[in-house]
Undergrad: 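Can you keep this structure in mind? I'll have questions shortly.
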Amino acid sequence: MALRFSGWIAVVVMAAAPMALQGDVPREADGQRGAIKREEAAFPVLIDHIRAAAVSGVWQKGGWSDPIVEGAIKEWAEEAAKLTGQARPDLPAGLGGVKAAQANQGKLSGALCLVSGNGTIGFVDKSVILVDGNIKIGFAWDCIIVARGAVYIAHGDRNVVMAGHFIHVSHDGNHKEGQMQGSLLMSGGVVNVSHAKGSVCSAPTMVRISHATGVTFADATNVNAGFLHGGANRDIAGLKLRAAPQRAGNPLQGRLNVVQVAKGNDSGVGAMAVCEDNGVRFKIRPGEQIKDGAGKPIAGLEVWRLSFVGEEFALFSSDREDGGFFVPKK
């Protein structure tokens with residue numbers, strides 16, 4: 001794996017202790033675990049099950065379970081412990097023991113949340129968060145978090161995060177001084193982390209980390225690393241987890257030209273995507289329909305709206321599809 005260093009990093013530390021990259025370590029594909037075949041538990045199937053449960057409200061009843069969801073969570077929890085080399089006793093290994101609760105609350109613990117569309121949570125631990133859309137979380141510890149589109153976390157430790165298109169974590173695995181308690185972060189598009197300690201990151205489009213310590217890059221052929229600190233950063237290949245996100249497609253590719261992305265402030269004020277059509281640029285803000293420079297809906301794109309804006313990333317969504325655009329700053 002070739003690491004590419006971005007031009008905006010002026011100094012790379014670790015002259016005395018260079019990054020230790022192991023060669024590709026092949027892993028065996030399981031083929032099948034349990035009664036459900038792996039192809040029957042792909043990420044889109046998982047999202048379909050989450051959507052159906054969210055719409056029906058059945059998850060709010062005590063004892064709700066789903067074999068696809070249960071199988072994925074169990075495997076992810078086991079693999080998170082193996083890959084990080086740390087026991088994860090507080091990480092849910094299934095739906096048992098978590099109680100239904102609504103997102104968009106200040107603090108949740110031991111909760112099960114299913115979200116349709118966009119959701120926000122201030123603090124959550126020891127919980128399962130399943131989202132048919134996008135989620136923003138302030139603090140997340142020991143959680144299973146799944147989103148069809150994007151996940152934004154300010155501070156996270158010991159989580160499993162699976163997103164169809166985009167993951168951003170400002171601080172992962174480093175809230176306790178001198179410890180590395182990173183999360184398993186897997187996206188079908190981009191993983192972006194400012195400070196990562198002991199994290200496991202996998203994404204086909206880009207894994208970008210500003211400060212990496214003891215990070216494992218899994219099936220990540222395009223890594224943009226900044227400051228590399230001690231702690232045996234490494235690379236592995238063949239990480240085939242049940243229901244993990246596949247490489248994200250983009251049904252809007254060639255139909256929409258996104259030339260700039262602004263994520264706005266911490267409250268999202270100022271967030272937008274700048275598009276261009278026939279030399280004319282126009283802005284689209286979160287929640288807005290795609291309209292041209294004259295303010296008219298673009299033919300064929302009427303059902304699409306800007307659903308999420310992150311670090312150099314914009315996600316447009318319809319009821320069942322998403323199109324993500326990674327637009328690096330020039």
Undergrad: Identify whether Val223 and Val169 are in the same connected component of the hydrophobic contact network (ILVMFWY, side-chain heavy atoms under 4.5 Å).
TA: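 Hydrophobic grouping puts Val223 with Val169.
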Undergrad: Are side-chain heavy atoms of Met180 and Asn174 found at a separation under 4.5 Å?
TA: no
Undergrad: Say whether, by atom type as modelled, one donor and one acceptor occur between the side chain of Asn265 and the main chain of Gly268 under 3.5 angstrom.
TA: yes
Undergrad: Quick check: does any side chain N or O of Asp292 sit under 3.5 Å from a backbone N or O of Ile298, one acting as donor and the other as acceptor?
TA: no
Undergrad: Please verify the inter-ring angle class for Phe123 with Phe139; under 30° counts as parallel, over 60° as perpendicular, anything in between as tilted.
TA: tilted
Undergrad: Answer with yes or no whether the side chains of Gln181 and Arg158 bring together a donor and an acceptor at under 3.5 Å.
TA: yes
Undergrad: Keeping the roles fixed (side chain from Gln289, backbone from Leu301), state whether a donor-acceptor pair exists under 3.5 Å.
TA: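 Side chain of Gln289 to backbone of Leu301, a donor-acceptor pair under 3.5 Å: no, none is there.
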Undergrad: Hey, are the side chains of Thr120 and Ile137 touching, using non-hydrogen atoms and a 4.5 Å cut-off?
TA: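 Side chain of Thr120 against side chain of Ile137, heavy atoms only: no contact under 4.5 Å found.
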Undergrad: Quick one, Cys275 and Leu256 - any side-chain contact, counting heavy atoms below 4.5 Å?
TA: yes
Undergrad: What is the distance from atom CZ of Arg285 to atom CG of Leu306, rounded to the nearest 0.5 Å?
TA: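 Interatomic distance, Arg285 CZ to Leu306 CG, rounded to 0.5 Å: 10.0 Å.
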Undergrad: Group every Ile, Leu, Val, Met, Phe, Trp and Tyr by side-chain heavy-atom contacts under 4.5 Å, then state whether Val303 and Leu315 land in the same group.
TA: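 No, no single cluster joins them.
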Undergrad: Strictly below 4.0 Å, N to O, side chains only: are Asp322 and Arg148 in salt-bridge contact?
TA: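 Salt bridge flag = yes for Arg148 with Asp322.
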Undergrad: Are His168 and Ser170 close enough that a side-chain donor and a side-chain acceptor fall under 3.5 Å?
TA: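 Short answer, yes.
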Undergrad: Got a sec, which residues hit side-chain hydrogen bond (donor to acceptor under 3.5 Å, both in side chains) with Lys263, two or more places apart in sequence or on another chain?
TA: none
Undergrad: Got a donor-acceptor contact below 3.5 angstrom from the Ser187 side chain to the Ala203 backbone?
TA: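 Not a single qualifying donor-acceptor pair exists.
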Undergrad: Would you find a donor on one side and an acceptor on the other, under 3.5 Å apart, between the side chain of Ser199 and the backbone of Ala196?
TA: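 Between the backbone of Ala196 and the side chain of Ser199 there is no qualifying donor-acceptor contact (under 3.5 Å).
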Undergrad: So, Ser116 and Asp132: side-chain donor and acceptor under 3.5 Å apart, yes or no?
TA: no
Undergrad: Give the cluster check for Trp141 versus Ile121: same hydrophobic cluster or not, with ILVMFWY residues linked at side-chain heavy-atom distances below 4.5 Å.
TA: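 Not linked; separate clusters.
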Undergrad: Is the shortest heavy-atom distance from the side chain of Val327 to the side chain of Val259 under 4.5 Å?
TA: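 Answer no - side chains too far apart.
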Undergrad: Of the options Phe325, Phe326, Phe308, Tyr152, which is the one that meets Phe166 in a ring-ring contact (aromatic ring centres under 6.0 Å, His included)?
TA: Phe308
Undergrad: Report yes or no: do His49 and Asp66 form a side-chain donor-acceptor pair below 3.5 Å?
TA: yes
Undergrad: Using modelled atom types only, decide if a donor and an acceptor are shared between the side chain of Asn192 and the backbone of Ile167 within a distance under 3.5 Å.
TA: no
Undergrad: Quick one: are Pro286 and Glu288 in side-chain contact, heavy atoms under 4.5 Å?
TA: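 When only atoms from C-beta onward are counted, Glu288 and Pro286 do not touch, as no gap falls below 4.5 Å.
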Undergrad: So which heavy atom on Ala163 is nearest to which on Gly149, and how close?
TA: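 Residues Ala163 and Gly149, closest heavy atoms: CB-O, 3.8 Å.
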Undergrad: Taking the side chain as everything from C-beta on, heavy atoms only, tell me whether Ile290 gets closer than 4.5 Å to Phe316.
TA: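 In contact.
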Undergrad: Hydrophobic clusters join Ile, Leu, Val, Met, Phe, Trp and Tyr when side-chain heavy atoms are under 4.5 Å apart, directly or via other members; which others share one with Val269?
TA: none
Undergrad: Please indicate whether Asp319 has more than 12 foreign heavy atoms, meaning atoms of other residues, nucleotides or ligands, lying under 6.0 Å from its CG.
TA: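 No - once you tally the heavy atoms of other residues, nucleotides and ligands closer than 6.0 Å, there are 12 at most.
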Undergrad: Looking at Asp172 and Ser183, would you say the former's side chain and the latter's main chain have a donor-acceptor pair under 3.5 Å?
TA: yes
Undergrad: With rounding to the nearest 0.5 angstrom, report the CD to CE distance, Glu79 to Met186.
TA: 9.5 Å
Undergrad: What I want to check is whether the side chains of Glu276 and Gln260 have a donor and an acceptor closer together than 3.5 Å.
TA: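 Distance-only check fails for Glu276 and Gln260.
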Undergrad: For Ser307 and Asn134, which I'm curious about, is there any donor-acceptor pair between the side chains at under 3.5 Å?
TA: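 Ser307 vs Asn134: donor-acceptor pair found between side chains.
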Undergrad: How about Arg255 and Gln253: does a side-chain donor come under 3.5 Å of a side-chain acceptor?
TA: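 There is no such pair between these side chains.
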Undergrad: Are Val261 and Val190 co-members of a hydrophobic cluster defined by side-chain heavy atoms under 4.5 Å apart?
TA: no
Undergrad: Are Leu241 and Leu130 connected into the same hydrophobic cluster when the rule is that any two of I, L, V, M, F, W, Y join if their side-chain heavy atoms are below 4.5 Å apart?
TA: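 As far as the 4.5 Å side-chain criterion goes, Leu241 and Leu130 are connected within one cluster.
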Undergrad: Would you call Glu78 and Lys82 a salt bridge, using N to O less than 4.0 angstrom?
TA: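 No.
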Undergrad: Can any side-chain N or O of Glu70 pair as donor or acceptor with the backbone N or O of Leu95 at less than 3.5 Å?
TA: yes
Undergrad: Name the residue from Ile129, Val128, Val124 that meets the side-chain contact (heavy atoms from CB on, under 4.5 Å) definition with Cys113.
TA: Ile129
Undergrad: Output yes when a side-chain donor or acceptor of Glu75 lies under 3.5 Å from a complementary backbone atom of Arg242, and no otherwise.
TA: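 Checked: pair present.
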Undergrad: Looking at CG of Leu83 and CD1 of Ile236, how far apart are the two atoms once the value is rounded to the nearest 0.5 Å?
TA: 5.0 Å
Undergrad: Between Asn159 and Val161, is there a donor-acceptor pair closer than 3.5 Å when you use the side chain of the first and the backbone of the second?
TA: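 Looks like no, no N/O pair under 3.5 Å.
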Undergrad: Any side-chain heavy-atom pair from Ile209 and Phe217 closer than 4.5 angstrom?
TA: yes
Undergrad: Are Ile47 and Val146 side-chain neighbours, meaning at least one heavy-atom pair lies under 4.5 Å?
TA: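 Contact flag for Ile47/Val146 side chains = yes.
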